[in-house]
Amino acid sequence: MNMAEDAGVAHSPIVSVVEHYDDLSQRAAEAVAAVLGRKPDAVVTLPTGDTPVGMYQELVRRIQAGELDFGRAQFFCLDDYLGATPEDEASLTRWLRAEFLIPGNLPENHIHYIPTVADNPALAAAGYDRQIEDLGGFDLAVVGLGPNGHIGFNEPGSLPTDSTRVVELEAATRNQSAAYWDGKADIPTQAMTIGLGTILKARQIVLIVSGKNKAEIVRATLEDPATADVPGSWLVQAGERLHVILDQDAASLLSTR
Ligand code: GLP
């Protein structure tokens, strides 16, 4: 059962609080499917991490059942470690290929890999933003929220005008990343991420957050004044283009709940 509760007013983000993680996954998959339904050749970016696992399972289920088709969409990878290739054990792109891109039958020529192995990463990052722009910009950016408020790998200190670029990873983020590979992988100190400025231009942004351990950073993101200390807080300026989907645990410290 989906115990969703929507509280959106004009020019404010739309915040949906659902009961459990499974409801969040369904709701997020619905948001993606709705955009693809309206615009089959949509330009999208979707996140990696623990939070979107259920969303990907539902999207893959729908694609394999013939209910949804990503065949005309253009897909841009959100972030990865600098120098990582899909052959490396610790690669977000590798993870994404296994969880979604391959089982979801995305055509290889519609998948844009963030250029983490370019000779000149700064130049390549600017080229990646240009590719997004040339295709008309993002119709949809689904993002998660890091424990320190990061979006993609836009770590604390990031600005709402930032473009796609190389960033330094905080120790806490590297530890969080290492946990994806049972702590065994050596996580680089730098990464490449689509910038908040590029994400903020998206026609729709969906922020998905689950769990009690994220409740305080969710509260700070949505209720405190926007600050570079909590990069996710910049997303609020997208107003009603931002749809926040939370489970009850993640929403538990919001003052309006
Ligand atoms: C990771 C990724 C982000 C992700 C976030 C939350 O480091 N770079 O793209 O959204 O942190 O991850 P999780 O869903 O595992 O909590």
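Numbering of ligands and ligand atoms starts at 1, following listing order.
Applying the salt bridge (charged side-chain N to carboxylate O under 4.0 Å, His left out) criterion to Glu108, with sequence neighbours excluded, gives Arg97.
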_Audit row: Glu67, Arg61, salt bridge (Lys or Arg N to Asp or Glu O under 4.0 Å) steps and yes/no_ = CA-CA 9 Å; Glu67 298 163 18; Arg61 189 197 66 72; 3.6 Å; yes
Residues 34-54 side chain polar contacts: donor-acceptor under 3.5 Å, at least two apart:
| unit_1 | atom_1 | unit_2 | atom_2 | d |
| --- | --- | --- | --- | --- |
| Lys39 | NZ | Asp139 | OD1 | 3.1 |
| Lys39 | NZ | Asp139 | OD2 | 3.1 |
| Thr45 | OG1 | Phe76 | O | 2.8 |

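Relative ring orientation between Phe100 and Phe70 is described as perpendicular, the plane-to-plane angle rising above 60° on a 0-90° scale split at 30° and 60°.
For the residue pair Thr116/Asp80, the side-chain donor-acceptor check at 3.5 Å is not satisfied.
Near ligand 1, residues Thr48, Gly49, Asp50, Thr51, Leu78, Asp79, Gly144, Leu145, His150, Gly152, Phe153, Gln176, Tyr180, Lys214 each place a heavy atom inside the 4.0 Å sphere around the ligand atoms.
The other residues sharing a hydrophobic cluster with Val167 are Tyr81, Leu92, Phe153, Leu169, Tyr180, Trp181, Ile187, where clustering joins ILVMFWY side chains under 4.5 Å apart.
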